[in-house]
*Asks:* 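This is the structure, below, for whatever I ask next.
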Protein chains: 2
Amino acid sequence: MAQEKRRAMPTREELRIWRNYIETADALRTLLEGRMQTESSLSSADYRVLLELSEADKRTLRSSELAELIGWQRSRLSHHLGRMEKRGLVHRSPCPDDVHGINVQLTDLGAESFRHGSVPHLRDVHELFVAALSPEQLAGVDDFTATLRRHLELEP
Amino acid sequence: MAQEKRRAMPTREELRIWRNYIETADALRTLLEGRMQTESSLSSADYRVLLELSEADKRTLRSSELAELIGWQRSRLSHHLGRMEKRGLVHRSPCPDDVHGINVQLTDLGAESFRHGSVPHLRDVHELFVAALSPEQLAGVDDFTATLRRHLELEP
DNA sequence: TCATTGGGATTGACGTGTCAATCCTGTAAC
DNA sequence: GTTACAGGATTGACACGTCAATCCCAATGA
C-alpha cells in the first residue's frame with residue numbers, strides 16, 4: 001500500500017479533466033492559427049521564425065542557433081526555411097565567420113509581414129485567452145503550468 | 001475610457017503566461033503521442049478512432065457518425081480510415097440500411113491493439129499530468145478550462 | 001425518359017513534420 | 001597525400017491534414 005500511486009490509472013474524473021484540458025488547448029491553438037492565416041497569411045511556424053529573426057541582431061541568425069532557439073529539428077527548419085525563402089520572407093547565405101553554417105536573414109518583406117501579423121495576433125491572444133480569465137484564474141494557469149513544466153523537466 | 005479593454009493587447013506578463021500555457025500543452029501532447037507510438041504503434045488519431053469504435057454497438061459505426069463523434073472533417077476521416085484499413089485495424093463495408101453510407105467496423109486486430117494501447121496510455125496520462133498536480137491545482141485546471149470553453153463557445 | 005439535385009463518401013494536390021540517409025568541407029591521423 | 005571523421009545543413013520518402021473537386025446513387029420534377 002505504500003506506493004499505491006505508482007503507475008496508477010487516472011480516475012474517470014481526472015480523465016475528464018485531462019481531456020478537456022488538452023482539447024481546449026488544441027482548439028485554442030487551431031483557432032488562433034486560423035485567424036493568423038486569414039489576417040496575415042502566416043502560419044504559427046512562420047511566426048516563430050519571424051519573431052526570433054526580428055529580435056536578432058541585424059535580423060540575422062545562424063541556422064543552427066535559430067533551430068536551438070525555437071526548439072526544432074534541423075531538418076524541419078531546413079524544410080521550412082526553404083518554403084519561406086520561396087515566399088521571399090527570408091534569405092539564406094553562407095556564413096563568413098564559420099566555414100560550415102548558414103546565415104538566415106529576415107528580408108524587408110519578412111519584417112513587414114511580421115509587423116503586420118503580430119498586432120492582430122496579440123489582440124487575438126488577448127481576446128481569446130486573457131480576456132476570458134479572471135486575474136486569479138490567470139495566476140492559477142501560471143502556477144500549474146510552472147508545476148507541469150517542472151514535472152516534465154522542460155526548460156523554463 | 002469606458003471600453004479601454006476592447007481589442008486590447010496582452011501585457012508582457014500575460015503573454016509570458018500564454019506562451020508557457022500553450023507550449024506546455026503542446027509538449028505534453030507530443031510526449032504522450034511519442035510514448036503511445038513506441039508502446040503500441042498507435043497515433044493519437046488512431047486512438048480516437050479505435051476508442052469510439054470499441055465503445056460502439058457491434059464495434060461498428062456509420063462513417064458519418066464517427067466523423068461527427070470525433071469532430072473530424074469527412075475527408076480527414078476517409079484518408080485516415082484508408083490508412084488504418086491497410087494496417088488491418090478496421091474494415092469498411094457498404095451499409096445495408098442506408099443506401100449511401102459506409103459501415104466502419106473494428107477488426108479483432110483493431111480491438112486487440114486498442115486494449116494493448118489504452119492501459120499504458122492511461123498510465124502515462126496519470127504519470128505525466130495527474131500525478132504532477134495537487135487536487136487544488138487539478139480543480140483549478142477544471143475550472144479555467146470550463147471558463148475557456150464557455151468563452152470560446154466550444155460544446156462541452 | 002432524362003436532367004437535376006442532394007447526401008455521403010472518396011480523391012488529388014498541396015503544405016507540413018519526421019526520420020534516416022546524404023552531402024559538403026575542413027581538420028586530424030596515418 | 002590520402003583516409004577518416006566531424007559538424008552543419010540538405011534531401012527524400014513517407015505519414016498526416018486541409019481544401020476543393022469529384023463520384024455515386026437515389027429521389028425528384030419536367
Side-chain angles (χ1 to χ4, degrees), chain A residues 23 26-27 29-38 40-50 60-105, chain B residues 23 26-27 29-38 40-50 60-105:
Chain A
E23 276 173 22
D26 246 48
R29 201 181 27 66
T30 305
L31 235 177
L32 279 162
E33 284 215 20
R35 290 215 182 173
M36 193 154 62
Q37 189 66 52
T38 65
S40 52
S41 303
L42 294 176
S43 69
S44 71
D46 298 332
Y47 192 81
R48 289 282 275 158
V49 171
L50 295 179
T60 301
L61 284 170
R62 291 255 322 276
S63 180
S64 50
E65 297 179 75
L66 183 51
E68 177 77 18
L69 278 171
I70 54 192
W72 285 359
Q73 324 244 147
R74 303 177 160 295
S75 92
R76 175 177 180 185
L77 184 60
S78 193
H79 281 303
H80 204 84
L81 288 180
R83 294 183 291 250
M84 290 181 77
E85 196 166 30
K86 245 180 230 155
R87 294 194 282 152
L89 299 172
V90 124
H91 178 249
R92 279 184 286 190
S93 54
C95 177
D97 332 350
D98 198 341
V99 192
H100 331 285
I102 291 278
N103 269 343
V104 185
Q105 181 165 24
Chain B
E23 276 173 23
D26 246 49
R29 200 182 28 65
T30 306
L31 234 175
L32 279 161
E33 284 216 20
R35 289 214 183 175
M36 191 155 61
Q37 189 65 52
T38 65
S40 51
S41 302
L42 295 175
S43 70
S44 70
D46 299 332
Y47 192 82
R48 289 283 274 157
V49 171
L50 296 179
T60 300
L61 284 171
R62 291 255 321 277
S63 180
S64 50
E65 297 179 74
L66 183 51
E68 177 79 18
L69 277 170
I70 55 191
W72 284 1
Q73 325 243 146
R74 303 178 158 298
S75 91
R76 175 177 178 184
L77 183 60
S78 193
H79 281 302
H80 204 83
L81 287 180
R83 292 183 293 251
M84 291 181 77
E85 196 166 28
K86 243 181 232 157
R87 294 194 282 152
L89 299 172
V90 124
H91 177 249
R92 278 184 288 190
S93 53
C95 176
D97 333 350
D98 199 340
V99 193
H100 330 284
I102 291 278
N103 270 341
V104 185
Q105 181 165 25

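Residue numbering restarts at 1 for every chain, and letters A, B, ... go by the order of the sequence lines. Note that these values count all heavy atoms, side chains included, but never hydrogens, waters or copies made by symmetry.
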*Asks:* Taking only the side-chain heavy atoms of B/H100 (C-beta and beyond), determine which of C/dA9, D/dC25, D/dA9 contains the nearest atom.
*Replies:* D/dC25

*Asks:* Please say whether more than 12 non-hydrogen atoms of neighbouring residues, nucleotides or ligands are located less than 6.0 Å from CD in B/Q37.
*Replies:* yes

*Asks:* Please report the interatomic distance CZ(A/R74) to CG(A/L66), rounded to the nearest 0.5 Å.
*Replies:* 10.5 Å

*Asks:* For A/W72 and D/dT10, give me the distance from atom CH2 to atom C1', rounded to whole Å.
*Replies:* 16 Å

*Asks:* Do B/H91 and B/N103 have side-chain N/O donor and acceptor atoms under 3.5 Å apart?
*Replies:* no

*Asks:* Figure out the CD/C1' separation between A/Q37 and C/dG15, and round it to whole Å.
*Replies:* 10 Å

*Asks:* Whole-Å distance between C/dG15 P and A/L89 CG?
*Replies:* 14 Å

*Asks:* Using OP1 and OP2 only, check whether a side-chain N or O of A/S64 sits under 4.0 Å from D/dA9.
*Replies:* yes

*Asks:* Counting only N and O atoms by type, is there a donor-acceptor contact under 3.5 Å from the side chain of A/D26 to the main-chain atoms of A/E23?
*Replies:* no

*Asks:* Please report the distance, rounded to the nearest Å, between CZ in B/R29 and C1' in C/dT18.
*Replies:* 14 Å

*Asks:* Strictly under 3.5 Å: I want the nitrogen or oxygen pairs between protein and nucleotides 11-13 of chain C, one per line.
*Replies:*
{"unit_1": "C/dG12", "atom_1": "O6", "unit_2": "B/H79", "atom_2": "NE2", "d": "2.8"}

*Asks:* Answer whether the closest heavy-atom distance between the side chains of B/S44 and B/M36 falls below 4.5 Å.
*Replies:* yes

*Asks:* The side chain of B/R83 lies closest to which of these nucleotides: D/dG8, D/dC25, D/dC16?
*Replies:* D/dC16

*Asks:* Measuring only between side-chain heavy atoms, which start at C-beta, is B/L77 closer than 4.5 Å to B/S63?
*Replies:* yes

*Asks:* Atom CD of B/E33 to atom C1' of C/dT18: distance rounded to whole Å?
*Replies:* 12 Å

*Asks:* Write down the distance between CZ (A/R74) and P (C/dA20), rounded to a whole number of angstrom.
*Replies:* 16 Å

*Asks:* Heavy atoms from C-beta onward define the side chain here; which of D/dT18, C/dG17, C/dC19 lies closest to that of B/Q73?
*Replies:* D/dT18

*Asks:* Taking atom CZ of B/R87 and atom OG of B/S41, what is their separation to the nearest 0.5 Å?
*Replies:* 8.0 Å

*Asks:* Kindly point out which of C/dT16, C/dT10, D/dG17 is positioned nearest to the side chain of A/H80?
*Replies:* C/dT16

*Asks:* Starting at CD of A/E85 and ending at P of C/dT16, how long is that distance when rounded to a whole Å?
*Replies:* 15 Å

*Asks:* Measure the distance from CG on B/L81 to P on D/dC16 and round it to the nearest whole Å.
*Replies:* 12 Å

